[in-house]
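Here the structure is laid out as structure tokens; the discussion comes afterwards.
In this chain, residues are counted from 1 in sequence order.
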Amino acid sequence: MCSCIVGRVSATLAPAPSPSPARPAPHRRTRLLALPEMRWALAATVAFLLALVSDVAGMPVWVHGILYAVAYLAGGWEPALEGLRALRGKTLDVDLLMIVAALGAAAIGQVLDGALLIVIFATSGALEALATARTADSVRGLLDLAPATATRLTSGGGEETVPTDALAVGDVLLVRPGERIGADGTVLDGLSEADQASITGEPLPVVKRPGDEVFAGTLNGTGALRVRVDRDPADSVIARIVTLVEEASRTKAPTQLFIEKIEQRYAVGVVAATLAVFGVPLALGEALTDALLRAMTFMIVASPCAVVLATMPPLLSAIANAGRHGVLVKSAVAMERLGETDTAALDKTGTLTEGAPEVTAVTPRPDSGLDADALLALAAAAEHPSEHPLARAIVAAARAQGLPVAPAGDFTATPGRGVSALVDGHRVTVGRDESATEGGTVVLVARDGEPLGTLTLTDRLRPDAPATTAALTALTGTAPVLLTGDHAGAAARVADATGLTDVRAGLLPEDKAKAVRDLQRAGRTVLFVGDGVNDAPALAAAHSGIAMGRAGSDLALETADAVVVRDELTAVPAVVRLSRAARRLVVQNLVIAGAFITGLVLWDLIGHLPLPLGVAGHEGSTVLVGLNGLRLLRRSAWRQGAA
């Protein structure tokens with residue numbers, strides 16, 4: 001049973017039908033009898049109980065004989081088939097060992113014990129399948145949030161109801177109150193709130209106004225919104241989460257690969273040891289039945305089912321939980337490696353900062369006759385027609401101060417130099433101050449050729465940057481390293497605000513990658529966090545890489561091991577903690593499995609371990625290990641990681 005665990009995950013993650021657009025999606029859980037393993041296990045259990053009752057009641061042998069046979073067939077046909085297929089491929093499957101043990105017990109007249117083994121083995125496999133399906137449910141449930149249809153506005157001003165998978169980038173949707181949003185996009189018009197806890201984990205609805213981003217599957221509040229579709233439905237946040245978890249379920253972590261590497265040798269060793277446990281006592285005069293029973297019991301309790309199941313459930317549960325909170329970990333390998341981090345290296349622009357400038361200083365010249373507000377308003381008037389990020393930041397600063405922005409005429413923009421416009425009959429120019437090299441971007445404002453003063457613009461620090469760097473320092477025992485292509489002054493400003501001391505500025509992309517490799521050559525296990533094309537070499541060079549997803553370049557997103565969809569920087573230490581929790585559960589599972597196997601084997605060799613008790617101990621440890629791994633599906637596991 002345990003050999004099929006990874007395959008079941010991928011199969012169970014198939015897309016499910018979507019609910020109607022206006023109703024909140026229920027939390028989907030796989031029904032017990034929806035799984036064929038559960039149905040066969042139930043049939044085997046019922047047949048076994050009926051056989052036991054008829055046997056105890058003294059009914060004819062053929063009655064309970066037929067019922068025992070039904071129990072054997074119902075519970076054993078699938079693992080027997082899987083075992084034979086594996087044997088055909090020249091591998092020895094644990095399932096086949098269990099079936100051989102059950103048939104061996106029946107061959108020496110212990111039909112009840114063999115049937116009990118089959119029933120417990122089938123029940124164990126059914127519980128494993130159910131646990132794996134519940135792992136998949138937690139991710140597949142996100143698909144249930146996406147509405148099946150959306151209201152698209154036509155070019156003529158009309159409305160049409162279309163399937164959400166037929167939407168294209170640039171379409172404009174009408175989202176009425178109480179409806180689920182049909183695609184990832186940007187609000188064009190309207191004011192409302194969106195409940196997006198399913199994507200971001202935010203407990204309260206978020207106000208949405210023109211310019212704000214919205215996500216497919218989130219629930220619109222009391223206002224109507226017009227939303228422009230910005231992503232193909234197949235590339236929405238929800239779809240990417242499901243796709244990446246499906247891909248992750250098909251990968252195997254290093255621990256799992258090591259276990260599978262030794263599993264075959266171990267299984268062959270179990271067969272050889274079983275023959276010895278049977279042959280040696282028999283040669284020393286022990287009765288055939290007793291020797292065979294001891295050997296069959298040994299084969300059962302020594303089988304490595306729980307060991308095989310120790311690794312993947314914790315890692316897949318961690319991947320699913322991270323995906324629910326907007327962190328897409330691409331594989332089980334990546335999830336296991338994240339927890340090995342002992343040094344973090346961080347990009348500046350777009351990672352610790354938002355990648356958007358803001359006005360931080362307005363400095364009029366003493367002889368200009370202007371105060372700070374007047375200088376800012378004049379610059380905003382000249383910049384108003386421009387679409388440059390610096391221009392938008394200047395205009396936004398003036399509006400935030402409530403300053404009037406005069407109309408401008410005869411506007412011209414010269415790339416690399418600035419803008420020029422007529423404002424109140426005067427030629428106003430705003431351009432870079434070449435004499436300023438530190439502390440951000442400085443622009444010079446002039447009127448009719450006379451300098452009036454300067455504006456300083458700096459990249460906005462993310463509000464959660466200081467908390468994130470502090471959390472990473474606590475996790476790794478060393479402060480993160482700041483690697484940036486920006487100049488030293490801007491890097492120093494960010495470092496001061498976040499408590500970083502190892503600052504390396506003015507780096508080209510290859511310099512960032514070299515810095516990461518130098519850290520690793522010094523014995524560090526490096527996690528690099530970045531977002532741009534220039535970060536891709538460092539992301540590839542690092543032991544683990546995390547990309548900021550909202551504004552991240554395609555190359556960075558492709559190269560990274562994990563993607564923070566919502567650009568919530570605090571998710572970085574949270575997912576590292578979650579990975580470490582998964583690694584701890586893997587170790588716990590291996591200890592549990594090893595303790596059960598060792599204890600039961602010694603009991604069987606030194607004393608007399610009854611076959612039913614050996615079966616119960618072996619299968620019980622397998623189920624215990626599987627359920628222990630699923631603890632990371634709980635929302636509290638993420639909250640503890642983000643604390």
Handout entry: Under-4.0 Å salt bridge between R462 and D567
Key = yes
Practice task
Under the side chain to side chain contact (heavy atoms under 4.5 Å, CB included) rule, what do L346 and T468 come out as? Steps first, then yes or no, please.
Solution key: CA-CA 11 Å; L346 308 175; T468 298; 5.8 Å; no
Donor-acceptor contact below 3.5 Å, side chain [X] vs main chain [Y]:
| X | Y | answer |
| --- | --- | --- |
| Q520 | H543 | yes |
| T473 | T469 | yes |
| R504 | K512 | no |
| R324 | L633 | yes |
| T353 | G350 | yes |
| R634 | R631 | yes |
| T164 | G182 | no |
| D496 | R493 | no |
| T484 | A505 | no |

Rounded distance (nearest 0.5 Å) linking atom [atom1] of [X] with atom [atom2] of [Y]:
| X | Y | atom1 | atom2 | value |
| --- | --- | --- | --- | --- |
| N220 | L225 | CG | CG | 4.5 Å |
| R584 | N589 | CZ | CG | 13.0 Å |
| K514 | R521 | NZ | CZ | 6.5 Å |
| N628 | S621 | CG | OG | 12.0 Å |
| L585 | T311 | CG | OG1 | 11.0 Å |
| K348 | L461 | NZ | CG | 9.5 Å |

Which pair of non-hydrogen atoms, one from [X] and one from [Y], has the smallest distance, and what is that distance?
| X | Y | result |
| --- | --- | --- |
| D230 | G185 | OD2-C, 3.5 Å |
| G339 | S579 | N-OG, 2.7 Å |
| E354 | P463 | OE2-CD, 3.7 Å |
| A122 | A41 | O-CB, 3.7 Å |
| V169 | R231 | CG2-C, 3.9 Å |
| L352 | A465 | O-CB, 3.6 Å |

Practice task
Using the side chain to side chain contact (heavy atoms under 4.5 Å, CB included) rule, take D561 and L338 through it: C-alpha gap first, then chi angles, then the decisive distance, then the call.
Solution key: CA-CA 9 Å; D561 298 303; L338 281 169; 5.7 Å; no
Problem - Among L500, D502, L507, side chain to side chain contact (heavy atoms under 4.5 Å, CB included) partner for L482 - result: L500
Exercise for the section: Report the C-alpha separation of V564 and I546 in whole Å, then their side-chain angles, then the decisive distance to 0.1 Å, and conclude whether the side chain to side chain contact (heavy atoms under 4.5 Å, CB included) test is met. Expected result: CA-CA 7 Å; V564 181; I546 296 180; 3.6 Å; yes
Below 3.5 Å, can you tabulate the donor-acceptor pairs from side chains in residues 523-530 to any protein atom, sequence neighbours excluded?
from : atom 1 : to   : atom 2 : distance (Å)
R524 : NE     : T343 : OG1    : 2.8
R524 : NH2    : D342 : O      : 3.2
R524 : NH2    : T343 : OG1    : 3.2

Practice task
Go through the structure and list residues passing side-chain hydrogen bond (donor to acceptor under 3.5 Å, both in side chains) with R583, not counting sequence neighbours.
Solution key: E340
Side-chain touch [X]/[Y], heavy atoms, less than 4.5 angstrom:
| X | Y | value |
| --- | --- | --- |
| L475 | R580 | yes |
| T351 | L569 | yes |
| K330 | V563 | yes |
| D347 | D531 | yes |

Practice task
If a pair satisfies salt bridge (Lys or Arg N to Asp or Glu O under 4.0 Å) and one of its residues is in residues 463-478, list it, with sequence neighbours excluded.
Solution key: none
Exercise for the section: Give the C-alpha distance, both sets of side-chain angles, the deciding distance and a yes or no for side chain to side chain contact (heavy atoms under 4.5 Å, CB included) between V516 and L483. Expected result: CA-CA 9 Å; V516 168; L483 305 179; 4.1 Å; yes
